[in-house]
**Student:** 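The structure is given below, and queries will be raised subsequently.
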Amino acid sequence: MTAANPTITHTTCPYCGVGCGVRAEMQGDAVTLSGDPQHPANLGRLCIKGSRLGETLDLSGRLLHPVLGAARVSWEKALDAVADGLQQAIREHGPQSVAFYGSGQLLTEDYYVANKLMKGFIGAGNMDTNSRLCMASAVAGYKRALGADWVPCRYRDLEQTDLVLLVGSNAAWAHPVLYQRLAEAKRQRPQMQVVLIDPRATASADLADLHLALRPGSDIALFNGLLHWLHQQNALDQAFLQQHTTGAEAALAAAAGWDPARVSAETGIDRDTLTAFFHQVAQAPRMMTLFSMGINQSSAGTDQVNAITNLHLATGRINTPGNGPFSLTGQPNAMGGREVGGLANQLAAHMGFSAEEVDRVGRFWGSDNVTPAPGLNATDLFDALADGRIKALWIMGTNPLVSLPDADRARQALARCPLVIVSEVMQETDTAALAHIRLPALAWGEKEGTVTNSERMISRQRAFLPPPGEARGDWWIISQVAQRLGVGAAFDYAHPHQIFCEHAALSGFENHGQRAFDISALATLTQEQYQQLTPQRWPLPAVPRSERAFWHPDNKARLLAVNPPVLPEAAGYPLTMNSGRIRDQWHTMTRTGKAAALMRHTPEPVCVLHPADMGEMAEGDIVCVTSPRGWLLARAKADPGQPCGTVFVPMHWNAQFSAQARVNALVEARVDPVSGQPQSKQTPVRVARWPAAWQGELFLRGTEAAPPAVGYWSRVTQPGVSDFILADRTPLAEAEAWLQRLCGGGLLIQQAMMGAAHHLLGWRDGALQAALYLHPQRVPVLDREAIVAAFTSPPPDAAARRALLAGRAAGEQVARGTLICSCFGIGELEIQRAVAGGCDSVEALGTALKCGTQCGSCRPELKKLIHSAAQQPA
Ligand SMILES: Nc1nc2c(c(=O)[nH]1)N[C@H]1C(S)=C(S)[C@@H](COP(=O)(O)OP(=O)(O)OC[C@H]3O[C@@H](n4cnc5c(=O)[nH]c(N)nc54)[C@H](O)[C@@H]3O)O[C@H]1N2
Ligand SMILES: Nc1nc2c(c(=O)[nH]1)N[C@H]1C(S)=C(S)[C@@H](COP(=O)(O)OP(=O)(O)OC[C@H]3O[C@@H](n4cnc5c(=O)[nH]c(N)nc54)[C@H](O)[C@@H]3O)O[C@H]1N2
Ligand code: SF4
Ligand SMILES: [Mo]
C-alpha cells in the first residue's frame with residue numbers, strides 16, 4: 001500500500017490580530033502545521049503559540065454534545081430549549097430582556113448571523129462583544145478623528161517608516177510575528193528609530209532605541225506636551241491642518257498648558273530625555289504609532305487614541321506610506337466583528353442607528369423589526385443582569401467571568417439570570433459552570449469562515465479536521481434557533497459562503513462611497529471561489545470609487561481636545577496593578593493551557609514587583625494581592641523593569657488552573673465614557689506575603705485529578721500526569737498519609753528527608769502513581785520533564801530512583817530551570833551556564849544551544865540574561 005498524498009489546507013491562526021497564514025498538512029490522521037509562506041501577513045513565520053497549535057488539537061476536555069442542565073440532550077431538544085427560553089423572555093418582558101455576548105474569536109459569518117438575529121429580528125440592540133474590553137476605544141477614537149472605523153496603515157508601512165512609537169503595546173509577546181518583522185526592518189535600516197512608551201521595561205524594550213517609562217495613565221500628558229512643543233517649534237504641517245482637518249485650535253489650546261516641565265512632572269520622564277524624544281519626532285520624515293491595550297484599556301482610552309491621531313494629523317503623517325496611527329488589533333477577528341456591527345452601538349456594516357440606516361438595513365434584511373437604538377454594552381449588560389432586567393443571555397466564544405472587570409460581581413449577576421446559554425468548545429470554563437444550556441461549537445481547524453486582521457486583510461479559516469462529536473459551527477447553531485423563532489426564511493443558510501456573500505452585499509448596499517467598509521466586489525463569489533479565496537484587503541467595492549482620505553461629511557479629519565484621566569486611588573492600597581499578557585498563554589487558557597510546552601515559560605500566576613517594593617516579601621513567596629474589590633494569590637517575582645509603585649499580574653489564570661488567581665476579581669468596572677471600555681490596566685492594590693507553612697509540588701498519574709484542598713494550588717499541564725504546585729497556611733503533618741488518601745491508599749512509599757524538605761514517591765505494582773516534593777519554602781527547581789517521564793518509563797536502577805526522588809533526571813546533576821526557549825526546550829539555568837561559559841551574544845547562545853533560532857520570541861529574554869550576567873561581579 002502506498003501512502004496517499006498529503007492534503008494541504010491553507011488557513012489562518014486562531015490567536016492574535018496579526019492574522020498569520022497557517023499551512024495544515026494532513027497525512028492520514030497526522031497533522032503537520034507550519035507557517036504559510038504565501039500569506040502576506042507572515043510570509044511563512046509563526047510565533048511560539050502558532051507553532052505549538054498542533055499540541056492543542058486533541059479532543060480532551062472538549063464539549064462534544066449539547067447539555068441541558070447536567071444532562072446530555074439531542075440538538076433538537078437543546079435548540080428547542082434555547083428558542084423557547086428566548087421566546088418566553090421576549091413574550092413576558094419584551095425584546096430588551098434578551099442579550100447576546102459574542103467574541104472577536106467568532107468568524108465573520110458567525111458574527112454576522114448573531115448580529116442579524118438580535119438587531120434585525122429580535123429587535124433589540126443587545127448584541128455586544130468582548131471587543132468592548134479590547135478595541136472599543138480604538139474604534140471610537142478612529143471614528144471621532146477619521147469619521148469611520150478605518151485603520152489607515154498596513155504592515156508593509158513598517159519597511160518604509162523612519163520612526164516607530166510603540167505605545168502601550170508589548171508586541172514582542174502579543175504580536176510576535178509583526179514584532180519580528182519590525183526587528184527585521186530595523187536590521188535592514190538601522191537608522192529607523194523605535195521608541196517604546198510603556199511604564200514597564202517589557203520584552204519589547206529590546207528593540208527600542210529609547211524607552212519612555214512613563215507613569216501609568218500619563219500618555220495624554222506626553223502627547224499633549226509633544227503637540228504643544230511641535231507647535232512652538234513651528235514643526236506642524238499647517239498646510240495639511242488647513243486643508244484636511246478641523247479642531248486643531250481646540251486641540252492645541254488643550255495642549256497649551258503642557259510645557260516640558262509639567263509633562264516631565266506628570267510622566268516622570270526627565271527633561272533631557274523628553275526633549276531628545278521631541279526632537280526625534282520633529283526630525284523624522286515618516287512616523288508610525290503602533291498602539292494597543294496600554295492605550296485602549298483606560299477610563300480615557302478614546303481620548304488617548306485621539307491624542308495619538310492628533311499628533312499624526314498635526315504633522316500630516318497619515319495616509320501615506322510609512323505614516324499613520326496603527327491600532328494593533330488583539331483577537332483574530334476583532335476587525336471582522338467591527339465590520340459586521342458586533343458592538344452594541346453599531347447596527348451593521350459600518351452603519352449606526354439613524355432612521356435612514358435602520359430603514360436601509362431593514363429593507364436589506366427583509367425585516368420591519370430592526371432595533372432603532374443601540375443596546376447594552378458589556379459592562380452595562382452585566383449591570384442589567386445584576387438588577388434583573390436581562391432574563392436570557394447567550395454567550396458565544398468568550399469567558400466573561402474571567403475577562404470582565406469586577407468578575408466576582410459579574411459571577412453573582414450571571415447566577416441571577418434565569419436563562420444562560422453558552423456556546424463553547426470546552427466542557428468546563430468558569431463561565432460555562434453557570435450555564436443552563438451548553439451548546440458544542442466547532443473549534444479552530446474544524447470551522448469554516450473568514451477573519452480580518454489588523455491591516456484589514458480578510459482571510460479564510462478553513463477546516464482540515466472532521467467535526468468531532470456533535471459539535472456544529474456557531475453560524476449553524478444561531479440559524480437553527482432563528483428557524484425556531486419563526487424567522488427562518490432570513491436564516492436559511494446551508495454554508496458560510498452564503499452568509500459571507502450576504503454580508504458583502506450589505507456592505508455595498510446603497511453605499512455610494514459613503515461608508516468606508518465596502519466589500520461588495522466579493523458578494524457574487526461562487527462557493528468554489530469562496531473556498532479558494534486568497535487574502536484580500538478591504539475596501540473591495542463592486543463599483544469603483546475614488547478613495548477618500550477621511551470619512552466625515554466634510555471630508556476632513558478632526559483633532560480633539562484631550563486631557564489625561566484621573567487614576568483611581570484608594571486609601572490603604574498604595575500600589576497600581578497593571579494586567580496583561582504573557583508570552584505563551586492566550587487569554588483564559590482554554591487552548592494554550594492544553595500544551596505542556598506553552599506552560600513551561602510561566603507555569604503559575606505571578607505578581608511582578610520592583611525589588612524596592614518587596615518589603616518583607618522575598619522572590620518566590622506566595623503573595624496575596626488585594627484591591628477594594630477582591631484578592632488573588634500569585635508567586636512573587638522581582639524585576640527591576642517593573643516601575644516602583646506598580647505591579648503586573650497576567651490576565652490568564654482562572655478557576656480551571658489556579659485556586660484564586662482571576663485578576664479581574666480585583667479590577668473595578670470603571671469605563672471610558674465614550675467607548676465603554678473598562679480600565680483594565682490601573683487598579684489600586686496592596687500586596688503582602690501569604691504566610692505559607694509549606695510549599696510543594698505534586699504529580700499524580702492521569703490528567704483528570706482534582707486539585708487537592710489546600711489554600712494555594714496551580715495546575716501545570718503535563719502529558720499523562722496531573723502536576724500541581726501547592727502551598728498552604730496550615731502545616732501538613734502527615735505527608736505520607738495525605739498522599740495515600742489522595743491516591744486511594746495502597747501505595748508503596750519511598751521517601752527521603754533532606755533537611756526540612758520531604759520528598760515522597762508512591763508506587764503501585766512497580767508503576768509510579770504519585771510524586772510529592774515538600775519544602776518549608778519554595779520548592780527548588782525540579783526537572784518536571786524527568787519526573788513526568790518516570791510515570792511512563794520507571795527508573796531502571798537505584799541511582800535513577802534516587803535521582804527521581806531528588807527531583808532530577810538520572811545522571812543530570814543540574815536542572816534546566818524555567819523554560820526560556822520553547823521551540824528547543826532550553827531553560828534559564830542552562831542558558832546561564834552557557835553565558836558563564838563564554839556565550840556573550842544571542843547569536844553565540846544560538847550556536848551553542850539553538851535557543852532563539854526558530855521563532856525568535858525568546859531573543860529579548862536571552863539578551864536580558866546575558867546583560868544581567870555581565871552586571872554581576874565576577
Ligand atoms: N501571548 C499573547 N498574545 C496575545 C494575546 C494573549 O492573550 N497572549 N491576546 C491578544 C489580544 S486579544 C490583545 S488585545 C493583544 C494585546 O496586546 P498588548 O496590548 O500588547 O498586551 P498587554 O499585555 O495587554 O498590554 C500592553 C502593555 O500596555 C502597558 N501599559 C499599561 N498601562 C499603560 C499606560 O498607562 N500607558 C502605556 N503607554 N502603556 C501601558 C503594559 O505595561 C503592557 O506592557 O494581544 C493579543 N496577543
Ligand atoms: N484585567 C484584564 N482583563 C482583560 C484584559 C486585560 O488585559 N486585563 N484584556 C481584555 C481583552 S483585550 C480581551 S480580548 C478579553 C479576552 O477574554 P475572553 O474572550 O473571555 O477570553 P478567551 O479565553 O479568549 O475566551 C474565549 C472562549 O471561547 C471559547 N471558544 C474558542 N473558540 C470558539 C468557537 O469557535 N466558538 C465558540 N462558541 N467558542 C469558542 C474558548 O474555549 C473560551 O472559553 O479579555 C479582556 N480582559
Ligand atoms: S503572531 Fe499571532 S497570528 Fe501570528 S502565529 Fe503568533 S499568535 Fe498566530
Ligand atoms: Mo483583546
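Counting from 1, the numbers follow the sequence of the chain as shown. Whatever order the structure lists ligands and atoms in, that order sets their numbers, starting from 1.
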**Student:** Under a plain distance cut-off of 3.5 Å, with no hydrogens placed, do H601 and E861 share a side-chain donor-acceptor pair?
**Tutor:**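 Side-chain D/A pair, E861 to H601: present.
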**Student:** What are the atoms of ligand 1, with element, lying closer than 4.0 Å to any heavy atom of G580?
**Tutor:**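 By the 4.0 Å cutoff, the relevant atoms are 23 (O), 24 (O).
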**Student:** Under a 4.0 angstrom heavy-atom cut-off, which atoms of ligand 2 come close to W586?
**Tutor:**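 Near W586, meaning under 4.0 Å from one of its heavy atoms, ligand 2 has 24 (O).
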**Student:** Which ligand 2 atoms, with their elements, are less than 4.0 angstrom from a heavy-atom of V663?
**Tutor:**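 Every atom of ligand 2 under 4.0 Å from some heavy atom of V663: 1 (N).
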**Student:** Hydrogens and angles aside, do S204 and N170 bring a side-chain donor and acceptor to less than 3.5 Å of each other?
**Tutor:** yes
**Student:** If you count the atoms of ligand 3 from 1 in the order shown, which ones are under 4.0 Å from a heavy atom of G19?
**Tutor:** 3 (S)
**Student:** Determine whether the side chain, the backbone, both or neither of L133 has a heavy atom under 4.0 Å from any heavy atom of ligand 2.
**Tutor:**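 Contact part for L133 vs ligand 2: both backbone and side chain.
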**Student:** Looking only at side-chain N and O atoms, does D672 offer a donor or acceptor that is under 3.5 Å from a partner on T302?
**Tutor:**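 Yes, a side-chain donor-acceptor pair sits under 3.5 Å.
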**Student:** Out of curiosity, is L46 lining ligand 3, as in a heavy atom under 4.0 Å away?
**Tutor:** yes
**Student:** Of all the non-hydrogen atoms in the protein, which one sits nearest to atom 33 (C) of ligand 2, and at what distance?
**Tutor:** V425 CG1, 3.5 Å
**Student:** Identify the closest protein heavy atom to atom 38 (N) of ligand 1: which residue and atom is it, and at what distance?
**Tutor:** D219 OD2, 2.7 Å
**Student:** Of all the atoms in ligand 1, which lie at a distance below 4.0 Å from a heavy atom belonging to T202?
**Tutor:** 44 (O)
**Student:** In the protein, what heavy atom is nearest to atom 39 (N) of ligand 2, and what distance, to one decimal place, separates them?
**Tutor:**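 Scanning the protein heavy atoms, the shortest distance from atom 39 (N) of ligand 2 goes to G397 CA, 3.2 Å.
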**Student:** Of all the atoms in ligand 2, which lie at a distance below 4.0 Å from a heavy atom belonging to Q105?
**Tutor:** 19 (O), 22 (P), 24 (O), 26 (C)
**Student:** Heavy atoms only: which of M589, Q297, Q677 is nearest to atom 6 (C) of ligand 2?
**Tutor:**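 Selected option, by shortest heavy-atom distance: Q297.
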**Student:** Any atoms of ligand 1 less than 4.0 Å from a non-hydrogen atom of I197? List them with their elements.
**Tutor:** 37 (C), 38 (N)
**Student:** P216 heavy atoms, cut-off 4.0 Å: which ligand 1 atoms fall inside?
**Tutor:**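 Contacts of ligand 1 toward P216, numbered from 1: 35 (O).
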**Student:** Going by the order shown, which atoms of ligand 3 are within less than 4.0 Å of some heavy atom of V177?
**Tutor:**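 Checking each atom against V177, I get 1 (S), 4 (Fe).
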**Student:** Among all protein heavy atoms, pick the one closest to atom 30 (N) of ligand 1 and tell me residue, atom and distance.
**Tutor:**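 The protein heavy atom lying closest is G294 CA, 3.6 Å.
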**Student:** Tell me, which protein residue and heavy-atom name are nearest atom 11 (C) of ligand 1, and how many Å apart are they?
**Tutor:**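 In this structure, atom 11 (C) of ligand 1 has G330 CA, 3.3 Å as its nearest protein heavy atom.
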**Student:** Are T592 and Q585 close enough that a side-chain donor and a side-chain acceptor fall under 3.5 Å?
**Tutor:**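 Judged by distance alone, the side chains do pair up.
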**Student:** Run the contact test for Q304 against ligand 1 with a 4.0 Å cut-off on heavy atoms, strictly below, and give the result.
**Tutor:** no
**Student:** Does C16 bring an N, O or S atom to under 2.8 Å of atom 8 (Fe) of ligand 3?
**Tutor:** no
**Student:** Against heavy atoms of M426, which atoms of ligand 2 measure under 4.0 Å?
**Tutor:** 42 (O)
**Student:** Below a 4.0 angstrom heavy-atom separation, can you tell me which part of W173, side chain or backbone, both or neither, approaches ligand 1?
**Tutor:** backbone
**Student:** Can you find a side-chain donor-acceptor pair between T590 and N399 that sits under 3.5 Å?
**Tutor:** no
**Student:** Verify the distance criterion only: is there a donor paired with an acceptor across the side chains of H610 and T646 at less than 3.5 Å?
**Tutor:** no
**Student:** Is it the side chain, the backbone, both or neither of C13 that has a heavy atom closer than 4.0 Å to ligand 3?
**Tutor:** side chain
**Student:** Please state whether the separation between atom 6 (Fe) of ligand 3 and some N/O/S atom of C47 is under 2.8 Å?
**Tutor:** yes
**Student:** For F648, is the NZ or CZ atom of R200 found under 6.0 angstrom from the centre of its six-membered ring and inside 45 degrees of the ring axis?
**Tutor:** yes
**Student:** Could you tell me whether F648 and ligand 1 have an N or O pair separated by under 3.5 Å?
**Tutor:** no
**Student:** Within less than 4.0 angstrom of ligand 1, does Q682 place any heavy atom?
**Tutor:** yes
**Student:** Under a 4.0 angstrom heavy-atom cut-off, which atoms of ligand 2 come close to L442?
**Tutor:** 34 (C), 35 (O)
**Student:** What protein heavy atom is closest to atom 27 (C) of ligand 1, reported as residue, atom name and distance in Å?
**Tutor:** D198 OD2, 3.3 Å
**Student:** Could you list which atoms of ligand 1 come closer than 4.0 Å to a heavy atom of R583?
**Tutor:**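 Near R583, meaning under 4.0 Å from one of its heavy atoms, ligand 1 has 1 (N).
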**Student:** Is it true that T450 and R460 share a donor-acceptor pair across their side chains at a distance under 3.5 Å?
**Tutor:** no
**Student:** Quick one: does ligand 1 sit under 4.0 Å from the side chain of C134, the backbone, both or neither, non-hydrogen atoms only?
**Tutor:**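 For C134, only side-chain atoms sit under 4.0 Å from ligand 1.
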**Student:** For ligand 1, does T329 get within less than 4.0 Å through its side chain, its backbone, both, or neither, judged by non-hydrogen atoms?
**Tutor:** neither
**Student:** Which option, E424, K681, K447, R581, owns the non-hydrogen atom nearest atom 12 (S) of ligand 2?
**Tutor:**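 Residue with the shortest heavy-atom distance to the ligand atom: R581.
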**Student:** Under a 4.0 Å heavy-atom limit, does K49 contact ligand 1 with its side chain, its backbone, both, or neither?
**Tutor:** side chain
**Student:** Among A471, P332, S403, S131, which one has a heavy atom closest to atom 47 (N) of ligand 2?
**Tutor:**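 Going through A471, P332, S403, S131 one by one, S403 has the nearest heavy atom to atom 47 (N) of ligand 2.
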**Student:** At a 4.0 Å cut-off, with the gap strictly under it, does some heavy atom of N296 reach an atom of ligand 1?
**Tutor:** no
**Student:** Nearest protein heavy-atom contact for atom 36 (N) of ligand 2: which residue, which atom, what distance?
**Tutor:**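 Looking only at protein heavy atoms, the one closest to atom 36 (N) of ligand 2 is D474 OD2, 2.8 Å.
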**Student:** I'd like to check which ligand 2 atoms, numbered from 1 as shown, lie under 4.0 Å from a non-hydrogen atom of T588.
**Tutor:** 21 (O), 22 (P), 23 (O)
**Student:** List ligand 1 atoms under 4.0 Å from G217, heavy atoms only on the residue side.
**Tutor:**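 In order of numbering, the contacting atoms are 34 (C), 35 (O).
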**Student:** What atoms in ligand 1 come closer than 4.0 Å to a heavy atom of C16?
**Tutor:** 46 (C), 47 (N)
**Student:** Regarding D406 and R411, does a basic nitrogen lie under 4.0 Å from an acidic carboxylate oxygen?
**Tutor:** no
**Student:** Students should be able to answer this: which protein heavy-atom is nearest to atom 7 (S) of ligand 3, and at what distance?
**Tutor:** Y15 CB, 3.4 Å
**Student:** Show me which atoms of ligand 1 lie under 4.0 Å from any heavy atom of Q585.
**Tutor:** 1 (N), 2 (C), 6 (C), 7 (O), 8 (N)
**Student:** Please check whether Q331 reaches ligand 1 - meaning an N/O of the residue sits under 3.5 Å from an N/O of the ligand, judged on distance alone.
**Tutor:**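 Such a contact does not occur with ligand 1.
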**Student:** W444 pairs by ring-ring contact (aromatic ring centres under 6.0 Å, His included) with which of W586, Y15, F464?
**Tutor:**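 Among the candidates, only F464 passes.
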